[in-house]
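None of the values given here were measured: they were computed from a predicted structure. Per chain, numbering begins at 1; letters A, B, ... match sequence-line order.
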There are 2 protein chains.
Amino acid sequence: MEKLTSWVEIPPNSDFSIYNLPYGIFSEWLVGTQTTAKATQTAEKARVGVRIGDYVIDLKAVSELGFFDDIAFDKNVFQKNVLNDFIILGKNIHSQVRNRLTSLLLRGNESLKNQADKVLVKVENANMHLPVHIGDYTDFYSSEEHATNVGKMFRDPANALLPNWKHLPVGYHGRASSIVVSGTPIHRPWGQVKPADQENPVFKISQMLDFELEIAFVVGKETALGERVSTSEAEDYIFGLALFNDWSARDIQSWEYVPLGPFLGKNFGSSISAWIVPLEALEIFRTQTPTQEPAVLDYLKFEGLKNYDIQLEVMIKPQHGETKKVCQTNFNYMYWNMCQQLAHHTVNGCNLRVGDVCASGTISGKEKDSFGSMLELTWRGTNPIAMPDGTERKFINDYDTVIMMGFCEKNNIRVGFGEVSGQILPATAFKS
Amino acid sequence: MEKLTSWVEIPPNSDFSIYNLPYGIFSEWLVGTQTTAKATQTAEKARVGVRIGDYVIDLKAVSELGFFDDIAFDKNVFQKNVLNDFIILGKNIHSQVRNRLTSLLLRGNESLKNQADKVLVKVENANMHLPVHIGDYTDFYSSEEHATNVGKMFRDPANALLPNWKHLPVGYHGRASSIVVSGTPIHRPWGQVKPADQENPVFKISQMLDFELEIAFVVGKETALGERVSTSEAEDYIFGLALFNDWSARDIQSWEYVPLGPFLGKNFGSSISAWIVPLEALEIFRTQTPTQEPAVLDYLKFEGLKNYDIQLEVMIKPQHGETKKVCQTNFNYMYWNMCQQLAHHTVNGCNLRVGDVCASGTISGKEKDSFGSMLELTWRGTNPIAMPDGTERKFINDYDTVIMMGFCEKNNIRVGFGEVSGQILPATAFKS
């Protein structure tokens, strides 16, 4: 197979090759105004874009030039400030749009190239927004290594996995309102914490602020209440994937979470990457799933390669110090795959809406440097990470930026997610 | 104080006195078409209505007649199919609209009465819709009696309440997509259940389908991420209250819920009443809160009467048999009040959006007939309820309709919620 190349200049090792073409929502920074008020910066209306190399392709502009005229759909979807209306059009239209874009971007095709100044926006001039309106956010807990690590630390090392864990993809509902796009800073939360040596809880600023490295998928097709999605149908209901950081305040979480699950330890913020990589772009990176033993119930059985070989890493960037890579892992570790997650989620008739986000849960591998949270990497703070500037980290410090990256690579083809990053700002003052 | 009366005929003991004036979303059944296809039934566009007696006041029509002309707001909010845009206008506008409606409806005021045929719709001709677009749904667990009962049954009778329970209003995120308006039937869910005498779980139709009697409040004012709402500010953020049935499949829930909380045991459906009673209408029904001991942390302290005296009851109506009242209780039992719930929910900076729904958790009283779920009423099925037709109920049967009602009464003034009802339909066939 000859490798496709584009007339758009794409840096070597770019996540955003012509094989990727992820969707996002952008507005244009007005040139030279990056430092002025936000109102000015976002004067250009947010709309749908596709990333290639270091450019955003303005799909509204491409559409207005007539390049989608022969594909039958409402072109207004590209003027919206969320992807939902485009996603609702369905996989058939998505494929046609994707194929058209691929063709227009191929080296040798001059038609769009001749209008490049009208459709290409440099990434440094693009202000990225939350890509979808998220109706519901579900967080799974599908990495065996993560669940085992947490079980060892907080429960019984000999029986780290709870009895239900290998029978169903454990999941729970998280907060949709506080999901923010990559680059949005998050304030360290206050909360109730129960010191081990005290009888009563205290109210304080969280001292155990953590990240959780996850991959999220965006639901691409709705179901009615009472309807089920089987594992074999599930991919039809997945629009695309993103990087996801499910920020966690471990000290708040451990006091509050019985018996109904995490709440304030999680809902102060979660970060999602700006670009949603369509499932279609990940096709050649499918890989085997771990053996599931004991055998799962019939509704969780599946056929084929349902995991994806996505290389993942996490960096901590102190305010002034050098960035340090603290984790390197892979999405292929997941015990429960996305098709099983969706089949389980809907088996009771729970309805899906386009734009719902389901996240994997923390992705940890088998090696100590492949754990997807500080909780595991430093083993609850007992084994701090040395930073290049001489400081150490048990958890995340104020002004640290956590950067997660992910990409697939095979046969010299690279399809990546860019990054999801977020800086932790100090807790806000408390007026009592 | 002289009692207000209206020119609209209001049946004695109506929940919908002139003191109530709750908001909802309705469309008109076309006369004589109730039995035809839904498309025909909802041909009239859904819009904002206010209930009085056995009528819905069409606020779009009232507005078009000019009765709100001197109140400065966008009248298009009354044409929307959810209340959110009206709620966003804020308490000042809500009060002005409410005062105007009260005045227009008073006996002796002929101005609206003269146009009654243009603005009044008989309730039997009104098709009620989900009143708000719900961004996030949070469920609390704020009844001491309920938490104690559950703790006794599933954990340790001697230490029924978990250590955190009296220090914070335990809550978790539920599913927003599956909240339906009163009257919508719900299919009994399938799910994984772990029989006590078997090693492995089985996949079956839930046999322990339960209701949970709750009161929900609708968030009326948004906050930014990182912002907090104090207990003294909290009422500004509450638009109004509704009845809420948080359907629960106990057998699914008890197997899945560790360690991250309820998921499929709850998210197959929740029912909310069609009418949202504004907080203002409940003012005279404020009542004392239970003493909180041990003392709560400063951010949970509050002043004044923060509970509400709302009488509640639950009925089970078999498909053919006689209806039986199975529970009678009161919202004033709540240990944690709504202001504390909101202060806790936002103390970590979690942001609120208009239309978010927060539910109380099951409301149980001290007496055996005041428990708000079948789980407690039949003590996990060990003490079944005898029905008038000779059958008995441990949980809810197929084709049973569960009806919850709630009202306040004081000084001959009644303000009620009507009902939230829902019929349980058999599980749908499973194609495997």
| Passes side chain to side chain contact (heavy atoms under 4.5 Å, CB included), N164(A) versus Q192(B)? Steps please. | CA-CA 10 Å; N164(A) 59 12; Q192(B) 273 199 38; over 6 Å; no
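- Contact annotation for V170(A): only side-chain heavy atoms (C-beta onward) come within less than 4.5 Å of a heavy atom of chain B.
- Across P189(B), A249(B), P259(B), P262(B), the residue that shares the most heavy-atom pairs under 4.5 angstrom with chain A is P259(B).
- With a 4.5 angstrom heavy-atom cutoff, D356(A) touches chain B only via side-chain atoms.
- Your options are N200(B), I186(B), L168(B), and the one with the most heavy-atom pairs under 4.5 Å with chain A is L168(B).
- Heavy atoms of R155(A) lying under 4.5 Å from chain B belong exclusively to its side chain.
- Between the side chain of N351(A) and the main chain of S177(B), a donor-acceptor pair closer than 3.5 Å is present.
- With chain B as the partner, the residue from E222(A), K266(A), R175(A), H345(A) showing the most heavy-atom pairs under 4.5 Å is R175(A).
- The ring of Y172(A) has its center no closer than 6.0 angstrom to the ring center of Y172(B).
- For L352(B), the parts lying near chain A are the backbone and the side chain together; criterion is any non-hydrogen pair under 4.5 Å.
- Note: W255(A) leads W190(A), W255(A), Y137(A), Y257(A) in heavy-atom pairs under 4.5 Å with chain B.
- Heavy atoms of L425(A) lying under 4.5 Å from chain B are absent altogether.
- Contacts between V202(A) and chain B at a heavy-atom distance below 4.5 Å involve the backbone alone (N, CA, C, O).
- Aromatic ring pairs are classed by plane angle as parallel below 30°, tilted from 30° to 60° and perpendicular above 60°; the pair F263(B) and H173(A) is tilted.
- Proximity to chain B is limited to the side chain of L225(A), based on heavy atoms less than 4.5 angstrom apart.
- Of the listed residues (G171(A), S206(A), G226(A), G151(A)), the one with the most heavy-atom contacts under 4.5 Å to chain B is G171(A).
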| Given Y141(B) and L260(A), is the side chain to side chain contact (heavy atoms under 4.5 Å, CB included) satisfied, shown in steps? | CA-CA 9 Å; Y141(B) 188 58; L260(A) 300 179; 3.6 Å; yes
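- Between chain B and the options A147(A), G269(A), G135(A), A176(A), the largest number of non-hydrogen pairs under 4.5 Å is found for A176(A).
- For Y399(B), the OH atom is loosely surrounded, since the number of other residues' heavy atoms within 6.0 Å does not exceed 12.
- Here the straight-line distance linking atom CG of N267(A) with atom CG of D136(B) works out to 8.5 Å at 0.5 Å rounding.
- Contact annotation for T138(B): only side-chain heavy atoms (C-beta onward) come within less than 4.5 Å of a heavy atom of chain A.
- Using a 4.5 Å cut-off between heavy atoms, L297(A) contacts chain B through its side chain alone, with no backbone atom that close.
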| field | Full working for side chain to side chain contact (heavy atoms under 4.5 Å, CB included) between L264(B) and H344(A) | value | CA-CA 8 Å; L264(B) 300 190; H344(A) 184 64; 3.4 Å; yes
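- Highest contact tally toward chain B, considering only E227(A), K194(A), R353(A), is held by R353(A) [criterion: heavy-atom pairs under 4.5 Å].
- Using cut-offs of 30° and 60° for the angle between ring planes, the H133(A) and H133(B) rings count as tilted.
- Most heavy-atom pairs under 4.5 Å with chain B: of the set G191(A), A427(A), P163(A), this distinction falls to P163(A).
- At a 4.5 Å heavy-atom cutoff, the contact between Y299(A) and chain B is made by side-chain atoms alone.
- No more than 12 heavy atoms of other residues, nucleotides or ligands lie within 6.0 Å of CD in E199(B), so this atom counts as exposed by the packing criterion.
- Atom CD of Q198(B) sits in a crowded spot, with more than 12 heavy atoms from other residues, nucleotides or ligands closer than 6.0 Å.
- Taking D139(B), T346(B), V258(B) one by one and counting their heavy-atom pairs under 4.5 Å with chain A, the maximum is reached by V258(B).
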